[in-house]
Amino acid sequence: MRIDPYALDPDAYAHVFALARHVARGPLDARIRSLVELRASQINGCGFCLRLDAEGARRADVPQSKLDALAGWQEHAEFDKERAALALTEEMVRVGDGRRVSDETWAAVRDAFAEDEIVSLIYAIALIGFWNTVNVAVELPSNATLPRVT
């Protein structure tokens, strides 16, 4: 690891972790949130996050068949309500590439989720993007253990 941002600035880590707790307690179904987090981590190549997100998805009772098919979710019929969430994830993760969330994706999200769920979904996607960015930048090992936050 290049540097340990979590140990060197525990206050910032605690604030971000508090947001993660808030999002986890929000109205978005834990299975959908888990799939969104795992998909973002696949796209961003964060090995540490992939491990944690897969564990979280299993705890949320996401079927193994969905975990196995997640990278090709567009091609699999077993993804239903998750389609809109995963499309939003794909587009939000790539905003840094100069892309925007399409009107089509936004309409699908509005059709699939209540407004409070949409807000929770947006925060979940943005937050996993934050964790991915930090962890990839510092080369956090996939088997690392983060400090506990009280």
Side-chain angles (χ1 to χ4, degrees), residues 5-6 12-138 140-150:
Y6 306 117
Y13 174 58
H15 286 293
V16 177
F17 198 85
L19 178 58
R21 283 184 179 151
H22 175 78
V23 170
R25 290 189 305 261
L28 186 63
D29 182 285
R31 291 169 299 219
I32 292 174
R33 190 183 69 252
S34 295
L35 286 169
V36 160
E37 291 168 346
L38 187 56
R39 183 63 189 132
S41 295
Q42 287 175 337
I43 294 166
N44 289 321
C46 180
F48 175 81
C49 296
L50 283 167
R51 180 177 58 85
L52 286 186
D53 297 339
E55 291 169 5
R58 288 185 186 92
R59 279 193 312 275
D61 295 324
V62 173
Q64 186 63 45
S65 60
K66 284 191 176 181
L67 296 178
D68 293 342
L70 183 58
W73 63 269
Q74 301 94 330
E75 307 300 323
H76 290 271
E78 80 178 286
F79 291 96
D80 185 29
K81 187 174 183 178
E82 304 98 338
R83 284 190 178 287
L86 291 167
L88 183 64
T89 302
E90 299 261 346
E91 292 183 22
M92 282 183 64
V93 165
R94 293 181 170 99
V95 163
D97 295 338
R99 300 179 189 178
R100 296 286 183 253
V101 173
S102 69
D103 291 339
E104 178 182 273
T105 295
W106 190 253
V109 168
R110 300 275 303 178
D111 287 344
F113 297 97
E115 285 189 345
D116 61 339
E117 292 174 309
I118 294 170
V119 171
S120 187
L121 177 60
I122 290 169
Y123 280 124
I125 296 166
L127 184 59
I128 192 60
F130 170 85
W131 291 120
N132 291 164
T133 301
V134 171
N135 294 338
V136 168
V138 302
L140 187 71
S142 62
N143 64 348
T145 304
L146 296 181
R148 295 198 50 82
V149 177
T150 57

Inset, instruction - Looking only at non-hydrogen atoms, find the nearest pair between Pro5 and Val134 and report the distance. - result: CG-CG1, 3.8 Å

Legend entry - Qualifying residues under side chain to side chain contact (heavy atoms under 4.5 Å, CB included), relative to Ser41, sequence neighbours excluded: Cys49, Leu50, Asp53, Ile128, Asn132

Inset, instruction - State, to 0.1 Å, how close Glu78 and Ser65 come at their nearest heavy-atom pair, and which atoms those are. - result: OE1-OG, 2.8 Å

Inset, instruction - Go through the structure and list residues passing salt bridge (charged side-chain N to carboxylate O under 4.0 Å, His left out) with Glu91, not counting sequence neighbours. - result: none

Legend entry - Atom of Val136, atom of Gly45 and distance for their closest heavy-atom approach: CG2-O, 3.9 Å

Inset, instruction - Tell me, please, which residues at least two apart from Ala30 pass side chain to side chain contact (heavy atoms under 4.5 Å, CB included). - result: Arg33, Ala60

Inset, instruction - To the nearest 0.5 angstrom, please state how far the CG atom of Leu38 sits from the SG atom of Cys46. - result: 11.0 Å

Inset, instruction - State the CZ-OG distance between Arg25 and Ser120, to the nearest 0.5 angstrom. - result: 11.0 Å

Legend entry - Euclidean distance, Trp131 CH2 relative to Leu140 CG, rounded to 0.5 Å: 10.5 Å

Inset, instruction - Assess whether atom CG of Asp103 is packed by more than 12 heavy atoms of other residues, nucleotides or ligands within 6.0 Å. - result: no

Legend entry - Gap between atom NZ of Lys66 and atom CG of Leu70 - 0.5 Å precision: 10.0 Å

Inset, instruction - Using the test side chain to side chain contact (heavy atoms under 4.5 Å, CB included), find all partners of His76 that sit at least two apart in sequence or belong to another chain. - result: Ala69, Phe79

Legend entry - Sidechain-backbone polar pair: Asp29 side chain, Arg31 backbone, donor-acceptor under 3.5 Å: yes

Legend entry - Residues forming a side chain to side chain donor-acceptor pair (under 3.5 Å) with Asp111, sequence neighbours excluded: none

Legend entry - Results of side chain to side chain contact (heavy atoms under 4.5 Å, CB included) for Ala87 - residues two or more places apart only: Trp73, Thr105

Legend entry - Heavy-atom side-chain proximity of Val149 to Arg21 below 4.5 angstrom: yes

Legend entry - Contacts of Arg83 that satisfy side chain to side chain donor-acceptor pair (under 3.5 Å) - sequence neighbours left out: none

Inset, instruction - Would you indicate whether Glu104, at its atom CD, is surrounded by more than 12 heavy atoms from other residues, nucleotides or ligands within a distance under 6.0 Å? - result: no

Legend entry - Side-chain heavy-atom pair Arg39, Val93 within 4.5 angstrom cut-off: no

Legend entry - Between CZ on residue Arg58 and CG on residue Leu67, distance to nearest 0.5 Å: 5.5 Å

Inset, instruction - For Thr133 and Gly129, indicate whether the former's side chain and the latter's backbone hold a donor-acceptor pair under 3.5 Å. - result: yes

Inset, instruction - Report yes if the side chains of Thr89 and Leu35 come closer than 4.5 Å at any heavy-atom pair, otherwise no. - result: no

Legend entry - Residues which pass ring pair (Phe, Tyr, Trp, His ring centres under 6.0 Å) with Tyr13, listed by chain and number, not counting sequence neighbours: Tyr6, Phe17

Legend entry - Side-chain heavy atoms of Leu127 within contact of Val16, under 4.5 Å: yes

Legend entry - Glu115: salt bridge (charged side-chain N to carboxylate O under 4.0 Å, His left out) partners, not counting sequence neighbours: Arg110

Inset, instruction - Taking ring pair (Phe, Tyr, Trp, His ring centres under 6.0 Å) as the test, write out the residues that go with Tyr123, two or more places apart. - result: none

Legend entry - For Arg51, all residues meeting salt bridge (charged side-chain N to carboxylate O under 4.0 Å, His left out), sequence neighbours excluded: Glu55

Legend entry - Intermediate values then yes/no, side chain to side chain contact (heavy atoms under 4.5 Å, CB included), Phe113 and Val119: CA-CA 10 Å; Phe113 297 97; Val119 171; over 6 Å; no

Legend entry - From Leu88 atom CG to Glu82 atom CD, the distance as rounded to the nearest 0.5 Å: 14.0 Å

Inset, instruction - Could you give me the CA-CA distance, side-chain angles and deciding distance for Met92 and Ile122, then say whether side chain to side chain contact (heavy atoms under 4.5 Å, CB included) is met? - result: CA-CA 9 Å; Met92 282 183 64; Ile122 290 169; 4.0 Å; yes

Legend entry - Heavy-atom pair with the smallest gap, counting every atom of Ala112 and Ala84: CB-CB, 4.0 Å

Inset, instruction - Identify, with sequence neighbours excluded, every residue that meets side chain to side chain donor-acceptor pair (under 3.5 Å) alongside Thr145. - result: none

